[in-house]
Amino acid sequence: MKPSNLSFWMQSLDLSPYSESTDPALLLPTYQCDVAIIGGGFSGLWLAYYLKQAQPEAKIALFEAQHIGYGASGRNGGWLSTNIPSVINNLLKHPSITTAQIQLLQRQVINTIDVVDAVCQQEQIDCDLHKGGLLFIATNEAQIERLQHYHESELAYGFAADELQMLGAEVGKQHINIPSMVAALRYQHGARIHPAKLALGLRERLLAMGVSVFENTPVHAFSKNRLDLGKSTVQADKILCCTEGYSDALLHNRKIIPVNSSIIMTKPLPESFWQRFGWQGNELLGDVAHLYIYAQKTRDNRILFGGRGAPYQYNSVDAGVGQLDGVTTQQLYQRLGELFPDFVFEIDRAWKGSLGVTRDWNPSVSYHAAEGLGFVYGFGGNGVGPTNLAARTMVDKICGRYTELTALPWNDYHCPTWEPEPFRWLGIQTMYKMLAAADKLEYGLKLKKSAFFAGAAYKICGLD
Ligand SMILES: Cc1cc2nc3c(=O)[nH]c(=O)nc-3n(C[C@H](O)[C@H](O)[C@H](O)COP(=O)(O)OP(=O)(O)OC[C@H]3O[C@@H](n4cnc5c(N)ncnc54)[C@H](O)[C@@H]3O)c2cc1C
């Protein structure tokens, strides 16, 4: 299988994605280890990292179908942000989940930015991490109302008052001089990263720690103590499944579907651009349109600009190697031009990737000690930091420790199942069409509040 180098991140690295990993040909017909981890994204990598630290004697092997960072972890927007990968209303529908647990989750996700930073420093992983905070902007009145709502909600569910701030247009533009900005919500915490540098840096660290990393080694099926690799089998005391948006092919339980997100990356921009538009603080940048965008300024002065577009393919087909269609590329390019007008951008690369979404958009971290089986999934578009936190949670569970992390709401969380096709496809298509229409209406009619049917769209897909 050829390595996918379609994401700018992977392609920008000189390293061959397969270098220094264990050759799958070395696998004996029956290979034995203490812990087998399936999936070489951030979930699997962090899990191997923390587990090897907790149990240095354990023989740990990681199996990745393609190459490390092939999935969302090597293709994302590089937002190491404070966004929790959860829908709070859905969590609170469970009588056993309390507001205090959600506040704890939020605090832990905030702290995870420093945790990742500290590991990168300690392990000398240079992943362009820069803590510039985060700026969510509004470009119409209905979006101001949403920003105010987010602000209140963040304060109720875990943020301290001095950690985020509503800004008027004038102050917001001092951060990033976007002419159409009418207000902003500024988060003190948040960091941009180069995700492939982090993924491959973790891989190098794991190899140095004595973890076996088998790339180009798809797991065909697994059950208690046994992985089926086709030509060989693996016997393992513990098996931990970290396949996120690709999970259904292994789990066949309709718990998680791949939803695509798409990205364009500009060429490096000249000094005159930055003088005009500012962005000297390297903040993460997002808007609060229903079909929102996310952006970062990279270390080498490009803009990464992402959003949805062809978000779901019938029957949960994943993003494959990540080739992006022309229509979505054009939509993103147009929106970039609207935010930064009168400048002709050159696009260096466009790609897409699959994130993993559960029916109620809440992740789950579960471990069944009797069977030695663990599962981590459902981070949606907010997994860069939370996968680190989930890995630490899982290691506490495996080690039988009762900690703050094992009290987080995602512990042994039971996600509802997705509808079978064609209902799933119809529901998601309808939601996206309604959200696009709501955005159009809010701009066109200059609405002061969110279009009424946007709420219905969120309900259809379990986002409210
Ligand atoms: C375009 C895009 C932009 C995003 N932007 C952000 C962002 O800016 N900030 C943020 O917080 N989150 C973002 N996300 C989400 C974030 O990237 C993910 O939540 C996170 O990377 C998930 O990591 P993971 O290890 O769980 O999954 P993945 O990185 O998807 O890893 C799963 C791995 O499992 C492997 N695999 C699958 N099946 C098998 C098998 N049978 N055998 C062996 N291996 C298998 C896959 O090849 C893959 O490498 C984005 C996602 C996408 C797609």
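Keep in mind that the numbers below use all heavy atoms, side chains included, and drop hydrogens, waters and symmetry copies. Just so it is clear, the model here is predicted, and its values are computed rather than measured. Order of appearance sets the numbers: ligands from 1, and atoms from 1 within every ligand.
Near F63, meaning under 4.0 Å from any of its heavy atoms, are these atoms of ligand 1: 43 (C), 44 (N). Proximity to G77 (heavy-atom distance under 4.0 Å) selects the following atoms of ligand 1: 3 (C), 4 (C), 5 (N), 6 (C), 7 (C), 8 (O). Applying the 4.0 Å criterion to heavy atoms of N382 picks out, from ligand 1, the atoms 10 (C), 11 (O), 12 (N). Contact atoms of ligand 1 toward G78: 8 (O) (distance under 4.0 Å to a heavy atom of the residue). Counting the atoms of ligand 1 from 1 in the order shown, those under 4.0 Å from a heavy atom of G41 are 25 (O), 29 (O), 31 (O). Annotation for ligand 1: atoms under 4.0 Å from non-hydrogen atoms of G353 are 53 (C). When each atom of ligand 1 is checked for a heavy atom of L250 under 4.0 Å away, the hits are 41 (N).
Screening residues 185-196 for side chain to side chain donor-acceptor pair (under 3.5 Å), with sequence neighbours left out, gives S12-H194, E154-Y187, E163-H189. Judged as a side chain to side chain donor-acceptor pair (under 3.5 Å), the pairs with a partner in residues 112-122 (not counting sequence neighbours) are, in order, T112-R392, D114-K131, D117-Q121, D117-K131.
In this structure, K238 does not pair ionically with D34, as no charged nitrogen and carboxylate oxygen lie closer than 4.0 Å. Taking a cutoff of 4.0 Å between a charged side-chain nitrogen and a carboxylate oxygen, R335 and D287 qualify as a salt bridge.
W418 carries R359 over the face of its six-membered ring, with the cationic atom under 6.0 Å from the centre and within 45° of the normal.
Among the atoms of L355, none of the N or O lies under 3.5 angstrom from an N or O of ligand 1. Below 3.5 Å of separation, one finds no N or O of S354 facing any N or O of ligand 1. Taking distance alone, with nitrogen or oxygen atoms compared against 3.5 Å, G44 stays at or beyond that limit from ligand 1. Of the polar atoms of G385, none of the N or O atoms is found under 3.5 Å from an N or O of ligand 1, judged by distance alone. Annotation: T243 places no N or O atom under 3.5 Å from an N or O atom of ligand 1; distance criterion only. For ligand 1, none of its N or O atoms has an N or O atom of R75 under 3.5 Å away.
Residue, atom and distance of the protein heavy atom nearest to atom 29 (O) of ligand 1 are S73 OG, 2.5 Å. Counting only heavy atoms of the protein, atom 9 (N) of ligand 1 lies nearest to W79 O, 3.0 Å. Residue, atom and distance of the protein heavy atom nearest to atom 34 (O) of ligand 1 are G39 CA, 3.3 Å. From the protein, the heavy atom lying nearest to atom 11 (O) of ligand 1 is V384 N, 2.8 Å. With hydrogens left out, the protein atom closest to atom 42 (N) of ligand 1 is V219 N, 2.9 Å, a heavy atom. Of the protein's heavy atoms, S43 OG, 3.5 Å lies nearest to atom 24 (P) of ligand 1. For atom 1 (C) of ligand 1, the closest heavy atom belonging to the protein is S261 O, 3.4 Å. The protein atom (non-hydrogen) at minimum distance from atom 16 (C) of ligand 1 is G383 N, 3.9 Å.
Relative ring orientation between Y294 and Y292 is described as tilted, the plane-to-plane angle lying within the 30° to 60° band. Between F340 and F273, the two ring planes are tilted [angle within 30° to 60°]. In this structure, Y31 and F63 have perpendicular ring planes: the angle between them is above 60°, well past the 30° mark.
Of all the heavy atoms of I38, the ones lying under 4.0 Å from any atom of ligand 1 belong exclusively to the side chain. Residue E64 touches ligand 1 through backbone and side chain together, judged by heavy-atom distances below 4.0 Å.
Within the structure, the closest approach of P218 to ligand 1 falls below 4.0 Å when heavy atoms are considered. Heavy atoms of S81 come nearer than 4.0 angstrom to ligand 1 in no pair at all. Contact annotation: C242 has at least one heavy atom less than 4.0 Å from an atom of ligand 1. Residue contacts with ligand 1 include G380, since one or more of its heavy atoms lies under 4.0 Å from the ligand.
Checked options R205, E123, R203; the residue passing with Y49 is E123 (criterion: side-chain hydrogen bond (donor to acceptor under 3.5 Å, both in side chains)).
For atom 37 (C) of ligand 1, the nearest non-hydrogen atom from the set W351, F379, Y246, F214 belongs to Y246. Remark: among candidates A65, G40, P85, the nearest residue to atom 43 (C) of ligand 1 is A65, based on non-hydrogen atoms.
By the 4.5 Å heavy-atom criterion applied to side chains, N411 and K397 are counted as neighbours.
Between the side chains of N83 and N382, at least one donor-acceptor pair of N or O atoms lies under 3.5 Å. No donor-acceptor contact under 3.5 angstrom links the side chains of Y458 and N89, judged on distance only. For the 3.5 Å distance criterion, the side chains of Y314 and R424 fail to qualify, holding no donor opposite an acceptor. Using modelled atom types and a 3.5 Å distance limit, the side chains of T328 and D325 yield a donor-acceptor pair.
Side chain of D439 to main chain of L291: a donor-acceptor pair is present (N/O by atom type, distance under 3.5 Å, no hydrogens or angles). Formation of a donor-acceptor pair under 3.5 Å by the S354 side chain with backbone atoms of A319 is found in this model.
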Please report the C-alpha distance between K267 and D300 in whole Å, then the side-chain angles of each, then the deciding distance to 0.1 Å, and finally whether the salt bridge (charged side-chain N to carboxylate O under 4.0 Å, His left out) criterion is met.
CA-CA 9 Å; K267 293 204 163 157; D300 63 348; over 6 Å; no
